[in-house]
Structure formats: C-alpha cells, structure tokens
Amino acid sequence: NLLSSDIVAPPPPPPSPTPAAPEEPKLDRFGLPIATEDTIFPPLPPDTELIPATSSSQMKETTTTTTTILEEIRDATKDHLGIDYSYFDEFGVEKTTELRETRM
C-alpha cells in the first residue's frame with residue numbers, strides 16, 4: 001500500500017539557460033569604441049594590388065638606375081592618390097625649411 005506521503009514528486013527541471021547576451025563593445029572614456037589594430041589598419045581586400053618600391057638606400061647605392069624613388073611613388077599612386085609631388089625631393093622626402101623631415 002502506498003500512502004500519499006510515500007509519493008515523491010520528481011524534481012523540477014533545471015532552469016533553461018538564458019541566451020548569452022551579445023558582448024557589449026568596450027568603450028573609452030569618451031564613449032567611443034576602443035581603437036584596435038584592425039580598426040586603425042583594416043585588412044586589405046584580397047584583390048589589392050601591392051606594388052613594391054625601391055628603398056632610399058638601395059636607390060642611392062644604384063647609380064645606373066634612371067628612375068627616382070619619387071617617380072616610382074608617382075607611378076604606383078597615380079590612379080589612387082592626388083598628391084602635389086613638388087613638395088618632395090627625388091627620394092620622397094618632404095622639402096622643408098624646418099629641421100624635421102616627413103617621409104611619404
């Protein structure tokens with residue numbers, strides 16, 4: 001004979017896991033997303049054409065070359081950038097009267 005006190009109810013099912021909330025982006029003190037390498041320098045698309053240029057030291061050592069670094073830079077960027085090349089010397093260094101130099 002079973003008595004009603006002998007009947008044990010099955011344990012309640014475990015609570016269903018709550019779906020994980022998407023992780024909030026980390027923000028800086030101004031409320032902007034923190035800069036990462038990928039946000040500053042995003043990966044290039046796979047079809048990006050990479051055009052190497054001769055380094056300044058290689059160009060200076062090679063006396064038989066008739067092309068200057070500035071000409072190489074101009075050829076590589078002509079379809080992509082609008083730059084006034086008159087501000088740069090033949091090695092791609094900014095012409096300036098100040099003590100600083102800025103490389104292209």
Non-hydrogen atoms of G92 and I73 that approach each other most closely: CA-CD1, 4.4 Å
task: Could I get the full list of side chain to side chain donor-acceptor pair (under 3.5 Å) partners for D84, not counting sequence neighbours?
output: S86
message: Run the side-chain contact (heavy atoms from CB on, under 4.5 Å) test against I40 and tell me which residues pass, sequence neighbours left out.
response: A35
message: Show the nearest heavy-atom pair for residues I34 and D28, with the distance to one decimal.
response: CG1-N, 3.8 Å
- prompt: OH of Y85 to NZ of K78: how many Å apart, nearest 0.5 Å?
  reply: 10.0 Å
F41 reachable from L32 in the ILVMFWY side-chain graph, under 4.5 Å edges: no
field: OG1 on T77 to CD1 on I83, rounded to 0.5 Å
entry: 5.0 Å
message: Going by the rule side-chain contact (heavy atoms from CB on, under 4.5 Å), which residues pair with T48 if we only count those two or more places apart in sequence or in a different chain?
response: L44, P45, L50
query: Who pairs with D89 by side-chain contact (heavy atoms from CB on, under 4.5 Å), at least two apart in sequence or on another chain?
result: F91, V93, K95
Residues that T39 engages under side chain to side chain donor-acceptor pair (under 3.5 Å), provided they are two or more places apart: T36
